[in-house]
Amino acid sequence: MIRLQIPATSANLGAGFDALGLALQYYNYVEMEESDTIDITSADGTPVPTDERNMIYIAAKDLFQVCGRTLHGLKLVQTNNIPMTRGLGSSSACIVAGLVGANHLLGNPLQQDDLVDLAAQIEGHPDNTAPALLGGIVTAVFDGRRVHWVKQEVYTKLRFVAMIPDFELKTEKARACLPTEISHKDAVYNLSRAALFSASLLTGKFENLRTAVHDKLHQPYRMALIPHAREVFDIAYAHGAYAAYISGAGPTVMAIADEENQYFAGKMRFSLDNAGLNGWQVHDLKIDNAGCVLLG
Ligand code: HSE
């Protein structure tokens, strides 16, 4: 059995819709071995599809097909720490596990670029899959076939604090609420902020982040699908967050705080409880610079 560690990811980072994402030190684990049958189990009890509809299996099968091989079965043991349908890249983690694992089983015929492309083709956009594979913060353009990407490792003194509610928001629903067209002015609003985000993160100009995470492409529409999100944003800013944004398609709200703001997560927990938002979990995370790794 091979064992893989795959990071959670936070996509969009405010204005970088479908273009920016980063990996977090919050991991799923997958053990994998080729088999004549499909044998899928969940080590932690999280319900997962145990047949050919399993996303890890689908991605592995796709990779075999690309390599001209037929996958007859797979033994998988999944440990799912990343909560599903919460905006933290759980489906991308499965796709990446399937691709990296299957590539390894075949003796690594595909290169890293091929895996980044294939993962985006399966997911439809690259902003979770690319950082799940590569780690760090990834800027990516998907032209429908290939991903043109840059990975940058991040060594900031920042904490990414995820406020994860106890309800799901499916990406399809969160994409269906978006407008089909926006004005030229709004396009400029977003592209300038997306560019500002990564430049500010990487150069330590953290005071720019609050401006950089504002956008007109998705967050104003998705806020309506996430009860109490506005309150969570307000509480995060009241406790000194540099920025807060909807992680991926939501419903998780991500706050970026300084490492020296060491009680930020505890204050969030306390304030959320006081506001009656007991269903929201708080996770204090750091950026992962490694991406998906083979542990053995
Ligand atoms: N960029 C994607 C979105 C990420 O916001 O819909 C979620 O898959």
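Just follow the structure's listing: the first ligand is 1, and inside any ligand the first atom is 1.
- With sequence neighbours left out, the salt bridge (Lys or Arg N to Asp or Glu O under 4.0 Å) criterion links Asp44 to no other residue.
- Surrounding CD of Glu259 are more than 12 heavy atoms belonging to other residues, nucleotides or ligands, all under 6.0 Å away.
- Taking every heavy atom of Asp18 and a limit of under 4.0 angstrom, the matching atoms of ligand 1 come to 1 (N), 2 (C), 3 (C).
- Side-chain atoms of Ile2 and Leu294, non-hydrogen and from C-beta on, do get closer than 4.5 Å to each other.
- Contact check on Arg3 versus Glu31 returns a salt bridge, with a Lys/Arg side-chain nitrogen under 4.0 Å from an Asp/Glu carboxylate oxygen.
- Cation-pi geometry between Arg193 and Tyr189 is satisfied (NZ or CZ under 6.0 Å from the ring centre, within 45° of the ring normal).
- Ligand 1 places these atoms under 4.0 Å from at least one heavy atom of Phe17: 3 (C), 5 (O), 6 (O).
- Of all the atoms in ligand 1, the ones that sit under 4.0 Å from a non-hydrogen atom of Asp127 are 1 (N), 2 (C), 4 (C).
- Of all the atoms in ligand 1, the ones that sit under 4.0 Å from a non-hydrogen atom of Asn128 are 4 (C), 7 (C), 8 (O).
- The shortest contact between atom 8 (O) of ligand 1 and any protein heavy atom is with His125 CE1, 2.9 Å.
- For ligand 1, the polar-atom distance check finds no N/O of Glu123 at less than 3.5 Å from any of the ligand's N/O atoms.
- Comparing heavy-atom distances from atom 5 (O) of ligand 1 across Arg222, Gln219, Glu172 singles out Arg222 as nearest.
- The closest protein non-hydrogen atom to atom 3 (C) of ligand 1 is Arg175 NH1, 3.2 Å.
- Here the rule is side chain to side chain contact (heavy atoms under 4.5 Å, CB included) with Leu76, and of Val48, Thr41, Ile40, Asp39 only Ile40 fits it.
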